[in-house]
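Everything below concerns the one structure shown next.
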Amino acid sequence: MSHYEHQIIEKKWQDIWAKGVFRTEDPNQTDKPKYYVLDMFPYPSGAGLHVGHPLGYIASDIVARYKRLRGFNVLHPMGYDAFGLPAEQYAIQTGQHPAVTTEENIKRYREQLDRIGFSFDWSREVKTCDPAYYKWTQWIFIQLFNSWYNPVSNKAESIDSLIQIFEASGCNNDIHPFSPEEWKSMDEKMQSSVLLNYRLAFLSEAMVNWCPALGTVLANDEVKDGVSERGGHPVERKLMTQWSLRISAYAERLLQGLDKIEWSDSLKESQRNWIGKSTGCSLHFNLENPVGDVSSLEVFTTRPDTVFGVSFLAIAPEHELIDNLCTGIYRQAALDYTEKAKNRSERERQSEVKNITGAFTGSYVIHPFTGKKVQIWVADYVLGGYGTGAVMGVPAHDSRDYSFAKFFNLDITEVVKGGDISIESYDAKEGILINSDFLNGLEVKDAIKKAISEIEQRGLGKGKTNYRLRDAVFGRQRYWGEPIPVYYQNDIPKVLPIDQLPLRLPEIDKYLPTETGEPPLARANNWNYNGYPLETTTMPGWAGSSWYFIRYMDPQNDQSFASKAALDYWKDIDLYIGGSEHATGHLLYFRFWTKFLYDLGYIPVDEPAKKLVNQGMIQGTSCLIYRVNNTNKYVSFGLKDKYETTAIHIDVNIVEQGNTVQLDKLKLWRPSEFEHAEYELENGKLICGNEVGKMSKRWHNVVNPDDVCNDYGADTLRLYEMFLGPLQDAKPWSTQGIEGVLRFLRKFWRLYHSGTNESFFLSDEEPSKAELKILHKTIKKATDDIDNFSFNTSVSAFMVCVNELQDLKCNKRAILEPLSIILSPYAPHITEEIWEMCGHTTSVSKAQWPAFNPEFLIENEFNYPVSFNGKVRFNLNFALDKDLKEMESEILNNEQTLKYLEGKPVKKVIIVKGKIVNVVA
RNA sequence: GCCCGGGUGGUGGAAUCGGUAGACACGCAGGACUUAAAAUCCUGUGGUAGCAAUACUGUGCGGGUUCAAGUCCCGCCCCGGGUACCA
């Protein structure tokens, strides 16, 4: 074979690899260090993979192959996040079992992945919908149910330890304190409901995001801008009894843990914002007229220093005392307002943020320090679900309070110097306190401390930390998810015994809720345990993905979720690659479950992934053609402004060079529309417009990697996706430039084919200094670039290397064999073929990464750019160890120097060794 | 609004520590080989002026630090992503 024929080579090696070349080594049989590189596993959708999906997989595969060459035992698995809404929606429409369609999709994904030449260890594949897998997801749920978060030891512990505390010393929290005797006298149901307030998996009545169109509840991260993330359906708030996970118990540790992991700053920042820690204090304002036994309103503030600037109190429309506080002539108007505010949907409230609304309740509180009467208002900018649902209004130093006070003409008292409160509020946390009695003259930071200590001393409140992070709703009114292993004995929720797992998903006739509105599982026959009804909601999509990285370590184990030996060897993920869209969902839940399992001693690490890299999205480039309105005529891009036109998306696969529509293919694509249409061309061509956006069927801009593999080969696809730009950046897909990569591989191939009739030939001659320099320069660059995830520049380094070796007509084995090893992580098929032609009988993936020898790069001279006042004028060659004084005099005596000095005296000569010379005149 | 990125040729991008801006690739122009095409190879390619050597100019805008700034500092403009009445 003298030509590079990618179809033949790639098929050949993929078949050989499928025999288990990339099987992970058993930790007991090897002393190699471990390296765990993981991709976020895909949801197998019916649409298959597009060219954007493999981007991260290619990067991780390069790292995996590189680490193997460096002598690591690499765990590089792949699997499927296989439970989820789309399969179920499809089942509802077609009646096909989601397990069947999911399995078909997985098969197609696998074929597509195999064509790209990934080195996954498929013997470790996991599927979250497999009962052998979800048995352990259910097992973890049971552990969560059987645990509570002990604030003293600051970790999760068995619920039994809490029961012991209750039996020995009762409970003295503010909400429902009880004595040991009272605890013992409670019946089972009462005890169970008390314990539910502590269990990490718990049943509670809570405000949830209810999506009527999907017929299910959604977690906070599954709702974007008031609509569901999947499908874009409206979401409303609804009070429901739901299974939830107490992630809020881990808020502080999830925050602290970020400091010790190597994740991108933007991603850590998203998680910090989502956790939303704020420190401040609670503060009680006594009511002028107490309501029953409630004598005060509690607010939470991060700015207790501004307490002397309070000119009103504002409470949320959901506040529990609202009915009691609305009094006198203001009562009706205030209640009307409350009712209206409560009925507005989340979406409306969000879209009308700028509108200032509120109503005076007619009630007052007494300012704890000044003794003055302060009005209580109800306002929808105060949220019922955060803090205490009540805030102190300090218009001078909070922009929302400021707009509110301006709108309703309330007092604005400046208490921190630094701004101009006649124009806007001064929110900054710096300045000197004024008009504030005992705080006067203090800096804000000190004033906050002083105010809190004063508040605590007078018994008005306490220093306090609040988190925005809410507990995660865990039940879904859906079929296609893990059944929750819970049954109800006399209405008391109990978890199934471990030996009853997995609790298999039952067969049902239809995948819809029952006529009475119960979840689909209620349709199942005999859905009970020993006659007691089983839970009918299922787990959310993120349950299985919260721990899958552990299962890959020991995927077939049926005694435990992974053996201790496997866990101790593999520990955590060294490199995790995936999209940033999971920042506040999956990546938070998976850290939470890891910390939980760590607390119970099941795993040896409390952070799942040491390093995380977000690959950017590959966007689609849509192609648009322009139809003249009310006609059947289409005009080329440059002519569209002459008419009133409508842009129409057409299939990108019938467009050449990014903008030339192939008319014959267009007519075949949609004959009814285009076969008999009229076309106005430019230079004989129909030119289309372009638009960059998400790659999706809807815009006809999906490019299938299979097509690219057919036309150019998997090695070209791999190199090209890496060459496009930095891994982390978003970039639109375009095949402009892919030819260059194919050309590079052909050149590379030709280096090894310098024999007669371009047959394979390598010379065993000693390589020259120049050849060794090129090779070692490239080894160094390739090594450094993989460590820095700078794959685009290493591809260009390979191109430079091949160009230079070609110029030298290099055909030396001592150069070209190591070159094929360092290229092999990027272009595994062509390098396997060449490695075999070189006479090796084992895979190039079993070779050793060539050692970099810096001696070959040592230069003894350097061609210095000589600049005058910073402008480079000419170059001079000097030995690198030359005496600087001598250099200086030689430069100054150079005839060109005289020319550029233009007679001016030399002030200074700066010589930076091996870099530059600058003459200052 | 706030937080995080980013702004460099016709295009994707490079410049990792403040030291020759534009590597590598695409595209384009010209040429070689060929009956022709494909493939391959060679030359040129930031802008302006010039036959050329060369000169001036040039990394979003305005200022600053420095012998030297795409890179550092100050002020602004624009683009992308995240997030929000979170007190």
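None of these values were measured; they are calculated from a predicted model. Letters A, B, ... mirror the listed sequences (proteins, then strands); counts begin at 1. As a basis for the values below, the full set of heavy atoms in this structure was taken, side chains included, without hydrogen atoms, waters or symmetry mates.
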Closest nucleotide among [options] to the [X] side chain:
X	options	value
A:K908	B:C67, B:C85, B:G12	B:C67
A:D380	B:G19, B:C41, B:C85	B:C85
A:V872	B:U20, B:C4, B:A15	B:U20
A:R400	B:G19, B:C85, B:C41	B:C85
A:I916	B:G12, B:U20, B:U40	B:U20
A:T584	B:U83, B:U40, B:C85	B:U83

[X] side-chain N/O to [N] phosphate OP1/OP2 under 4.0 Å:
X	N	answer
A:K781	B:U16	no
A:R873	B:A55	yes
A:S403	B:C85	no
A:Y381	B:A87	no
A:N792	B:A14	yes
A:R468	B:A84	yes
A:R272	B:C2	no
A:Y900	B:A55	yes

Where does B:G47 land, syn or anti, once you apply the within-90°-of-0 test for syn?
anti
Can you check B:C4 for me, syn or anti if syn means within 90° of 0?
anti
Please give, in whole Å, the distance from B:C3 P to A:L258 CG?
19 Å
Rounded off to whole Å, could you give me the CE-to-P distance for the A:M392 and B:C85 pair?
21 Å
Less than 4.5 Å apart, any side-chain heavy atom of A:I911 and any of A:M887?
yes
Side-chain heavy atoms of A:E721 within contact of A:I618, under 4.5 Å
yes
List the steps, then state whether side-chain hydrogen bond (donor to acceptor under 3.5 Å, both in side chains) holds for A:D398 with A:S425.
CA-CA 6 Å; A:D398 181 282; A:S425 66; over 6 Å; no
Assign [X] to base, sugar-phosphate, or nothing according to its heavy-atom contacts below 4.0 angstrom with the strands shown.
X	result
A:R746	sugar-phosphate
A:K913	nothing
A:N918	base
A:N803	sugar-phosphate
A:D785	base
A:I910	base
A:V920	sugar-phosphate
A:S796	base
A:N466	nothing
A:F791	nothing
A:P726	sugar-phosphate
A:V912	base
A:R470	nothing

Donor-acceptor pair, distance only, cut-off 3.5 Å: does the side chain of A:Q7 make one with the backbone of A:G713?
no
Do you know which two heavy atoms are closest between A:D401 and A:Y381, and how far apart they sit?
OD1-OH, 2.6 Å
Verdict with supporting geometry, A:T357 and A:Y337, side-chain hydrogen bond (donor to acceptor under 3.5 Å, both in side chains):
CA-CA 9 Å; A:T357 61; A:Y337 170 75; 2.7 Å; yes
Give me the stems containing RNA chain B, sorted by first residue, counting only three or more consecutive Watson-Crick or G-U pairs with both distances under 3.5 Å; say none if there aren't any.
B:1-7 with B:77-83, B:10-12 with B:24-26, B:27-32 with B:40-45, B:46-49 with B:54-57, B:60-64 with B:72-76
Checking side-chain polar atoms at under 3.5 Å, does A:Y712 have a donor or acceptor matched by the opposite partner on A:T735?
no
Along RNA chain B (nearest heavy atom to each residue), the more 5'-positioned of A:F300 and A:P865:
A:P865
Take A:S270 and A:Y386, find for each the nucleotide of RNA chain B with the closest heavy atom, and name the residue whose nucleotide sits nearer the 5' end.
A:S270
So, A:F404 versus A:F312, ring centres under 6.0 angstrom or not?
yes
